[in-house]
Amino acid sequence: MAVTGILLVLFLIVHMLGNLKIFTGETSFDHYAHWLRDLGTPLLPTTWYLWIQRAVLTVAVLAHIGAATVLAVRARAARPVAYAHRRKIHVNYAARTMRWGGVIILLFVIYHILDLTTGHLNPQGDAANPYGNVVADFAPERWYVTLFYTLAIVTLGFHLRHGAFSAFRSLGQQTPKGERRARAAALVFAVVLCAGYLVVPFAVLTGLVA
């Protein structure tokens, strides 16, 4: 669970930084997107790096889901009799956030691939013009796409906040002071990552990027 989670988080960070290159202009952003397709050449054929990355991420996602399922089953088996009084505010909230948040994120990833990777759901869908695809996707008249994107990213933020906090605890943050620091660090990380992703669609929506 931890290994796949770390792998996916590292991808999210790199992907966010790549998205932010849109503020450097159309030429620079398109060059970056095309560079990704040529990464590894001539050792690898064109676009092979991206397909290898997609394969690794797919395996990581499936393994992450599988690990979550196994842990949930083990937790239920370890406590076959329900608690008389549950800690609704913390335990139930965290469990629901991770469980349903994971489902929402998975559905969003599928949509996102069909939108900005394959171009099937993108109004422009031009593989030669990634910058134009992003601008067309989050255009003001397509505000509902930005809304859906925002909801998905906020959901991802909750997922990351709880996941990062759990990871910090697993690394030994068990004292009250350490727990407070872990919560603060997890919150800051989730907020920064969400902001990094959301600044792009809102920049297009408001005309800052056009």
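Numbering of residues begins at 1 and proceeds along the displayed sequence.
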Visitor: Measure from the side-chain N and O atoms of Tyr111 to the backbone N and O of Leu121, and report whether any donor-acceptor pair falls under 3.5 Å.
Guide: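 Here the side-chain-to-backbone pair does not exist.
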Visitor: CG of Leu20 to CZ of Phe29: how many Å apart, nearest 0.5 Å?
Guide: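 Answer for the CG-CZ pair, Leu20 versus Phe29, is 9.5 Å.
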Visitor: Find the distance between CG (Leu57) and CD1 (Ile52) and round it off to the nearest 0.5 Å.
Guide: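 Here the interatomic distance stands at 12.0 Å.
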Visitor: Look at the side-chain heavy atoms of Ile, Leu, Val, Met, Phe, Trp and Tyr, link any pair under 4.5 Å apart, and say whether Met16 and Tyr32 land in one connected group.
Guide: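 No, Met16 does not connect to Tyr32 through the hydrophobic network.
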Visitor: Starting from Leu10, can I reach Leu8 by hopping between I/L/V/M/F/W/Y residues whose side chains sit under 4.5 Å apart?
Guide: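 Not linked; separate clusters.
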Visitor: Do you know the tightest heavy-atom contact between Cys194 and Gly157?
Guide: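 Answer, listing the atom of Cys194 first, then Gly157: SG-CA, 3.3 Å.
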Visitor: As a quick check of understanding, evaluate side-chain contact (heavy atoms from CB on, under 4.5 Å) for Leu160 and Leu12, giving each step before the final call.
Guide: CA-CA 11 Å; Leu160 288 173; Leu12 287 172; 4.2 Å; yes
Visitor: For the pair Asn122 (side chain) and Asn133 (backbone), establish whether a donor and an acceptor sit closer than 3.5 Å, ignoring hydrogens and angles.
Guide: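 Yes: the side chain of Asn122 pairs with the backbone of Asn133.
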Visitor: Can you give me the closest heavy-atom contact between Pro130 and His34, atom names plus distance?
Guide: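 Closest approach of Pro130 to His34, heavy atoms only: CD-NE2, 4.2 Å.
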Visitor: Determine, stepwise, if the pair Arg161 / Phe189 fulfils side-chain contact (heavy atoms from CB on, under 4.5 Å).
Guide: CA-CA 7 Å; Arg161 175 179 173 272; Phe189 171 70; over 6 Å; no
Visitor: Does Leu147 share a hydrophobic cluster with Tyr149, counting links as ILVMFWY side-chain heavy atoms below 4.5 Å and allowing steps through other members?
Guide: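 Both belong to a single hydrophobic cluster.
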Visitor: Testing the basics here: between Arg37 and Ala127, what is the closest heavy-atom pair and its distance to 0.1 Å?
Guide: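 Arg37 and Ala127 have their closest heavy atoms at NH2-O, 2.6 Å.
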Visitor: So how far is it from Leu44 CG to Asp38 CG, rounded to the nearest 0.5 Å?
Guide: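 That separation rounds to 11.5 Å.
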Visitor: State, with a plain yes or no, whether a side-chain heavy atom of Phe23 is found less than 4.5 Å away from one of Leu208.
Guide: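 Side chain of Phe23 against side chain of Leu208, heavy atoms only: contact under 4.5 Å found.
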Visitor: When you compare the side chain of Leu62 with that of Thr4, does any pair of heavy atoms fall below 4.5 Å?
Guide: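 A side-chain contact is absent here, since even the closest heavy-atom pair is not under 4.5 Å.
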Visitor: Quick one: pull up CG in Leu156 and CG in Leu151 and give me the separation to the nearest 0.5 Å.
Guide: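 Spacing of CG (Leu156) from CG (Leu151) equals 12.5 Å.
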Visitor: Starting from Val154, can I reach Val188 by hopping between I/L/V/M/F/W/Y residues whose side chains sit under 4.5 Å apart?
Guide: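 Each belongs to a different hydrophobic cluster.
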Visitor: Within the 4.5 Å heavy-atom criterion, are Leu39 and Trp48 side-chain neighbours or not?
Guide: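 SC-SC contact between Leu39 and Trp48 ruled out.
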Visitor: How would you list, by chain and number, every residue that makes a side chain to side chain contact (heavy atoms under 4.5 Å, CB included) with Val3, sequence neighbours excluded?
Guide: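 If we apply the side chain to side chain contact (heavy atoms under 4.5 Å, CB included) test to Val3, skipping adjacent residues, there are no hits.
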Visitor: For His159 and Ile104, what are the C-alpha separation, side-chain angles and deciding distance, and is it a side-chain contact (heavy atoms from CB on, under 4.5 Å)?
Guide: CA-CA 10 Å; His159 197 84; Ile104 293 172; over 6 Å; no
Visitor: Taking Ser28 for its side chain and Thr24 for its backbone only, find out whether a donor-acceptor pair lies under 3.5 Å.
Guide: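 Here the side-chain-to-backbone pair does not exist.
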Visitor: Do the rings of His112 and Phe108 sit parallel, tilted or perpendicular, given the 30° and 60° boundaries?
Guide: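 Rings of His112 and Phe108: parallel, as their planes differ by under 30°.
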Visitor: Less than 4.5 Å apart, any side-chain heavy atom of Phe202 and any of Thr150?
Guide: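 The answer is yes, as the side chains (C-beta and beyond) meet within the 4.5 Å cut-off.
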Visitor: Does a side-chain heavy-atom distance below 4.5 Å link Asp30 with Tyr131?
Guide: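 With C-beta onward as the side chain, the pair touches.
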Visitor: Tell me whether the rings of His162 and Phe165 are parallel (<30°), tilted (30 to 60°) or perpendicular (>60°).
Guide: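 Rings of His162 and Phe165: tilted, as their planes differ by 30° to 60°.
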Visitor: What are the two closest heavy atoms between Leu205 and Ala139, and how far apart are they?
Guide: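 For Leu205 versus Ala139, the nearest heavy atoms are CD1-O, 4.3 Å.
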Visitor: Could you measure the distance from the CG atom of Leu71 to the CE atom of Met1? Nearest 0.5 Å is fine.
Guide: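 Leu71 CG to Met1 CE: 6.0 Å, rounded to 0.5 Å.
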Visitor: Determine whether Trp51 and Arg54 make a side-chain contact, defined as any pair of heavy atoms from C-beta on separated by less than 4.5 Å.
Guide: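 In contact.
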Visitor: In a check of side-chain contact (heavy atoms from CB on, under 4.5 Å) between Asp137 and each of Val204, Val200, Val145, which one passes?
Guide: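 Going through Val204, Val200, Val145 one by one, the side-chain contact (heavy atoms from CB on, under 4.5 Å) with Asp137 is satisfied by Val145 alone.
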Visitor: Is there a path of hydrophobic side-chain contacts, each under 4.5 Å between heavy atoms of I/L/V/M/F/W/Y residues, joining Ile13 to Leu198?
Guide: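 Hydrophobic grouping puts Leu198 with Ile13.
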Visitor: Got a second to check how far His120's NE2 is from Asp115's CG, nearest 0.5 Å?
Guide: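 Here the rounded value is 11.5 Å.
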